[in-house]
Amino acid sequence: GRDARPLTPTIDPCWLGPAVTAVLRGRHVSLLAAGPVTDTLRQELEAAVGPAGTVGGDLTGEPVLVLARRDLLPDATTLTGPVRRAVDAAHGLGGEGFALVGDGRSAAIVATGERGLLYGYFHLLRSAATAGSADALPTLDVVREPALAIRMINQWDNTSAGDHLGSVERGYAGDSIFFRDGRMVADRRRIADYARLLASVGINAVSINNVNVHPAAVRLLTDGLPDVADVARIFRGFGISTYLSVNFASPLVLGDLPTADPCDASVVAWWAGVAERIHREIPDFGGFVVKANSEGQPGPFDYGRDHVDGANLLAGALAPFGGRVFWRCFVYDHRQDWRDRSTDRARAAHDHFAALDGRFADNVVLQVKCGPMDFQVREPVSPLALAMTRTNTVVEFQITQEYTGQQIDLCCLLPQWQEFLAFDVSGEGGDTLACALARRSASSGVCAVSNIGDDANWTGHKLAQANLYGFGRLAWDPALSPREILDEWVALTFPDAADLHETLVELQLGSWSTYEMYTAPLGVGWMVTPHTHYGPAVDGYEYSKWGTYHFADRDGLGVDRSVATGTGFAGQYPTAWAQRYEHLETCPDELLLFFHHVPYLHRLHTGETVIQHIYDTHVEGARRVVTMRDLWRSLEGRLDDVSWTNVMERLERQVGSAREWRDQVNTYFFRKSGIPDRHGRVIH
Ligand code: BDP
């Protein structure tokens, strides 16, 4: 029955444990602001100061911390100390920015809007934790604003567990914290805790249901709406706007109309009515996320219309209320024929959307996956993300580790995301992708598929919390390095393990490249078990309709995506990159097999042959996992038992999986090529 299974009682506070707020224990603080986020902030402060402390609403009583909206403070000339300096520094800030000044004895956060105050408060906690002094206010003088306007999380939560891939599609941390048995959960405390975690890293938007909107989920637009409104209220308190994924065929699915044709007047009116009803319940409703004509989902093609017709239909309905449509560009033919070499899934998003640039309504945001395929451990940046200069764009990342170890294997994805965001768009030393997104519009930015579920530690693998934390931090400031982010995360998450700080940071930092080493080599991708996507199956997708191939034969492997002899995908990039990827001499090693089909004895820039590289990296990758496991084993008793045991158990499984990958991949390529491993390690 509904909510029959109780929510897990002990919930891991992740990076917001009690030690982190200890700095304010027993103190007097002041909060000068008003609104839903301020109400949340007041509760935060009350919890932080504890029964011995106080939260006031003015500047009296010598507060140790002042949080104030600039317009509510008295004239600057009457102020002194950190407040005075923060007021001056806050000049000209937007609604999400803040100035934070602390002199070690007291501190002040001044902002234009209440969200800035919330972000400033979490910044203060972070600074205190990373300074290593949980009970001393830090000395600092900073002004911060987010680099990207849209910083969104997508839940792939189904309303019921029976839908397709379980309660959370591609979720590896238990069931949904939002839905159970077709309805919103009644106990919403975990949703509030989640909102708090997200706000603490600057997330400002969330879509709460799966992009594959199964028939039951369509009801969120109708009978489910009051529950959605309540969840939106919770998120509102943390400065986060709520979105719903919608099924393009909703008017049909709900049985209201005989068609969902975007150019049909009754369909236009239907969506306008839906948007109006939603806004009556949720005045600040964010809008819709849409997966249309993708992997079997309905869309405008079903009526001979195009993506502009489809997206602009929903945008028109939402526009009067300030809502947006996130229109996903993950559109490709999932029924293609492996015998037909002229099709290339990598080309699809750009082929479908690039020519439509400039035709979308102002409140349409195209949501483009970071790579051209689908969240593989290594892909080039999506050429579509670079191409749309006149359309709002968010780049989509995947925090949930669908293809990167499913939160069994440790794989910290921050270096991958950072590489994407730092990508030199023109290839000639101009804007990075992050700068280009920031410049593009106030409706551009990033989004990512969440990795949380109702497991006690949220992410299944304790160390996978860093991916959620880090996504938010990178979205706020893409110039942060993975090491800086991990320094924060470790200090906040393991405040009692300062002596292990470096060990924990290093473990995370190296894990993505280790994962890459023992899985699919040199950008080729897709050697995973079909459907589940965990563990090796070298030929699993080789003769499938999904368009995901490695083309290995006795002479060589890789996909020829050059313009001269291949699928032409390389030509979708700006000229400098197109040139670089086109030619073997300039194509980076790590993407060689994404762009080229080469003989096994082709030499990489490292001087090594492709086949020997495959053997070496697979042996080395699996060896590194053993080293990680042994290192973790040696930490027994030095971290809390729950975390230690959780990670230990997963590292044991990772050792087994990495061996399987090593042996299957190496044996496969030995059998195909007949070329022995120079060191004789490959099982024949
Ligand atoms: C793929 C997943 C699938 C998602 C799809 C998407 O395997 O479950 O529905 O992406 O992004 O990676 O729509």
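One is the number of the first residue; the rest follow in order along the sequence. Order of listing sets the numbers, starting from 1, for every ligand and every atom in it. As the structure is a computational prediction, the values presented were derived from the model and not from experiment.
- Residue pairs meeting the salt bridge (charged side-chain N to carboxylate O under 4.0 Å, His left out) criterion with at least one partner in residues 357-366, sequence neighbours excluded, are Asp306-Arg359.
- Ring planes of Phe235 and Phe178: parallel class, angle under 30° (limits at 30 and 60°).
- Close contacts of ligand 1 with Arg170, meaning ligand atoms under 4.0 Å from a residue heavy atom, involve 2 (C), 3 (C), 7 (O), 8 (O).
- Using a 4.5 Å heavy-atom cutoff, the side chains of Leu509 and Leu486 are in contact.
- Given atom 1 (C) of ligand 1, the protein heavy atom at minimum distance is Asp374 OD2, 3.1 Å.
- The shortest contact between atom 3 (C) of ligand 1 and any protein heavy atom is with Glu169 OE2, 3.4 Å.
- The aromatic rings of Phe595 and Tyr581 sit parallel to each other, their planes meeting at less than 30°, with 60° as the upper class boundary.
- Near Lys291, with a cut-off below 4.0 Å to any heavy atom, the atoms of ligand 1 are 4 (C), 5 (C), 6 (C), 9 (O), 13 (O).
- No part of Val449 comes within 4.0 Å of ligand 1, judged by heavy-atom distances.
- In this structure, the protein non-hydrogen atom closest to atom 7 (O) of ligand 1 is Glu402 OE2, 2.5 Å.
- Within the listing of ligand 1, atoms 9 (O) sit less than 4.0 angstrom from a heavy atom of Asn212.
- Remark: Tyr515 engages Tyr518 in a ring pair (Phe, Tyr, Trp, His ring centres under 6.0 Å) (not counting sequence neighbours).
- Residue Trp156 has at least one heavy-atom neighbour below 4.0 Å for each of these atoms of ligand 1: 4 (C), 5 (C), 6 (C), 10 (O), 11 (O).
- Set against the non-hydrogen atoms of Lys369, the atoms of ligand 1 under 4.0 Å away are 1 (C), 5 (C), 6 (C), 10 (O), 11 (O), 12 (O).
- Under the 6.0 Å cut-off for aromatic ring centres, Phe326 and Tyr243 qualify, their centroids lying closer than that.
- Side-chain contact between Gln416 and Phe397 is absent, with no heavy atoms from C-beta onward closer than 4.5 Å.
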